[in-house]
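Residue numbers start from 1 in every chain, and the chains themselves are labelled A, B, ... in the order their sequence lines are given, proteins ahead of strands.
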2 protein chains.
Amino acid sequence: MDDDFDPIAEAKANWDKRWPEHSTYMAAATSIMRAQQLILKAADDSLKPYGLTFARYEALMLLSFTKKGELPLSKLGQRLMIHPTSVTNIIDKLTSDGLVERISHPTDRRTTLARITDLGTKLAQEATKAIHDVDFGIGHLKENQNLELIKLINAVRGLSK
Amino acid sequence: MDDDFDPIAEAKANWDKRWPEHSTYMAAATSIMRAQQLILKAADDSLKPYGLTFARYEALMLLSFTKKGELPLSKLGQRLMIHPTSVTNIIDKLTSDGLVERISHPTDRRTTLARITDLGTKLAQEATKAIHDVDFGIGHLKENQNLELIKLINAVRGLSK
DNA sequence: TGCAAATAGTAGGAAGTCCGACTATCTTAT
DNA sequence: ATAAGATAGTCGGACTTCCTACTATTTGCA
């Protein structure tokens with residue numbers, strides 16, 4: 001059994017035989033899917049001791065960067081590029097863990113603000129150390145590889161110009 | 001309101017202020033996470049008319065590439081790089097849709113084979129046309145961008161050498 | 001031979017994601 | 001002024017993923 005057999009290379013070979021003009025799209029798309037799994041797992045593992053997931057960590061950090069430590073849920077969703085229902089889900093959990101609290105917006109009664117608590121701030125700091133220790137699961141990359149990757153994914157995201 | 005405001009660039013700027021030595025890791029990791037969501041959505045949307053998801057489409061294609069149209073579930077899991085329980089889940093659904101059937105391995109009574117049905121084969125062909133129409137959600141990339149992306153993600157996956 | 005370890009698959013449960021539907025509130029255009 | 005449309009958030013449901021067991025079988029070593 002091949003131990004460093006690469007399933008993506010195998011799939012690409014199958015595509016090349018049948019639909020060569022689509023094979024690199026398939027391989028690039030599949031590569032991103034697999035890489036995401038690896039990164040998410042590394043990040044989640046490093047955050048587990050703090051009771052956080054990567055999704056919740058990102059939300060917490062976003063709040064910690066604001067002047068007042070608060071943000072409307074809708075804005076949170078935009079920044080994290082997730083569905084409104086996912087925001088509700090994430091904030092529900094952060095709230096029940098005492099890391100965030102829901103407060104009402106002073107002038108717009110539709111909107112709810114999430115505000116980070118002192119406990120949330122402290123936990124975010126510790127969690128950041130942990131996730132930096134593994135550099136988001138890609139600590140083995142070089143600086144210019146990171147930059148190149150960001151640039152290419154900007155193209156994927158349609159920001160290339 | 002900025003309309004082509006980029007949340008990842010914003011996050012990177014926040015990191016640069018505080019932890020500049022980790023900022024490109026954060027940005028690269030986050031980029032991959034977001035790109036995966038976009039690609040998965042594009043793929044799933046194109047497959048929806050056929051009642052398939054990307055995960056199930058991949059499994060179906062893998063079976064269709066084999067000589068006999070069958071593969072042990074464990075091997076399927078290795079190729080798709082997913083957890084054994086996810087394989088069970090995917091094959092359950094494909095089976096109940098009549099696209100695949102479970103048969104027992106002739107010599108090893110522990111293993112179950114998944115075998116693609118005629119219906120499954122036909123559906124896989126049609127679904128492939130649909131997903132090729134959108135080129136896995138990244139049809140706007142150029143060939144060399146695909147190749148560069150694959151290469152960089154091989155590094156992420158630790159295959160660089 | 002025979003027992004421990006590895007392998008294959010599944011059940012149950014926790015998380016996360018999305019979608020559709022729905023209420024409440026604000027904005028805008030007539 | 002008011003009716004139509006946009007925006008904010010939540011609920012319920014569907015789906016996928018993983019993890020922790022757990023059973024059944026096979027392999028391998030002693």
Looking only at side-chain atoms of B:Arg110, point me to the closest of D:dT16, C:dT7, C:dT17.
-> C:dT7
Looking at D:dC15, C:dA15, C:dT17, which one has an atom nearest to any side-chain atom of A:Asn89?
-> C:dT17
Determine the contact category for B:Asp44: base if any of its heavy atoms lies under 4.0 Å from a base atom, sugar-phosphate if only primed atoms, P, OP1 or OP2 are that close, otherwise nothing.
-> nothing
How many Å lie between CD1 on A:Ile103 and C1' on D:dA8, as a whole number?
-> 16 Å
Please work out which of the three classes, parallel, tilted or perpendicular, describes the rings of B:His132 and A:Trp15, given edges at 30° and 60°.
-> perpendicular
How is A:Ile90 classified with respect to the nucleic acid when contacts are heavy atoms under 4.0 Å: base, sugar-phosphate, or nothing?
-> sugar-phosphate
Starting at the 5' end of DNA chain C, which residue's closest nucleotide do you reach first, A:Lys93 or B:Leu113?
-> B:Leu113
Using atom NE2 of B:His105 as one end and atom C1' of C:dT7 as the other, report the distance to the nearest whole Å.
-> 13 Å
Atom pair distance, as rounded to whole Å: CD1 in B:Ile39 and P in C:dT17 | 18 Å
Residue A:Asp108, side-chain atoms from C-beta onward, closest of C:dC26, D:dT26, C:dA15 = C:dC26
Between B:Arg34 (CZ) and C:dT17 (C1'), how many Å, whole number?
-> 13 Å
Quick one: is A:Ser74 getting a side-chain N or O under 4.0 Å of the D:dA8 phosphate, OP1 or OP2?
-> yes
If you check every side-chain atom of A:Ile82, which of C:dT17, D:dT16, D:dA8 has the closest atom?
-> C:dT17
Picking from D:dT16, C:dG9, C:dT17, the nucleotide nearest the side-chain atoms of B:Pro72 would be C:dG9
Given atom CD1 of B:Ile91 and atom C1' of C:dA11, what is their separation to the nearest angstrom?
-> 17 Å
Roughly how many Å is it from NZ in A:Lys48 to P in D:dC18, rounded to a whole number?
-> 13 Å
Is the phosphate of D:dC19, meaning OP1 or OP2, less than 4.0 Å from a side-chain N or O of A:Lys41?
-> yes
Does A:Lys12 pair with A:Asp16 as a salt bridge, N-O distance under 4.0 Å?
-> yes
Atom CG of A:Asp45 and atom C1' of D:dT17 are separated, to the nearest Å, by 14 Å
Inspect the contact between A:Asp44 and A:Lys48 and indicate whether a charged nitrogen and a carboxylate oxygen are less than 4.0 angstrom apart.
-> no
For B:Ser104, report the nucleic acid contact type (base, sugar-phosphate, nothing); a contact means any heavy atom under 4.0 Å.
-> nothing
Is there a donor and acceptor pair, one atom on the side chain of A:Thr88 and one on the base of D:dC11, closer than 3.5 Å?
-> no
Closest nucleotide of DNA chain D for A:Gln37 versus for A:His83: which of these residues is on the 5' side?
-> A:His83
Presence of A:Ser86 side-chain N/O under 4.0 Å of C:dC18 phosphate oxygens OP1/OP2 = yes
Salt-bridge present (A:Asp92, A:Arg102; N to O < 4.0 Å) = yes
Hey, does the side-chain of A:Arg109 have a donor or acceptor N/O within less than 3.5 Å of a partner on the base of C:dT25?
-> no
Return no unless some side-chain N or O of A:Gln36 is found under 4.0 Å from OP1 or OP2 of D:dT17.
-> no
Side chains of B:Glu143 and A:Thr24, donor plus acceptor under 3.5 Å = yes
5'-most contact on DNA chain C (nearest-nucleotide basis), B:Thr112 vs A:Val87, goes to B:Thr112
Atom-pair distance (OH on A:Tyr57; P on C:dG16), nearest Å | 16 Å
Looking across every strand, which nucleic acid part, if any, lies under 4.0 Å from A:Thr85 by heavy atom: base, sugar-phosphate, or nothing?
-> base
Salt bridge check: are B:Lys122 and B:Asp118 linked by an N-O gap of less than 4.0 Å?
-> no
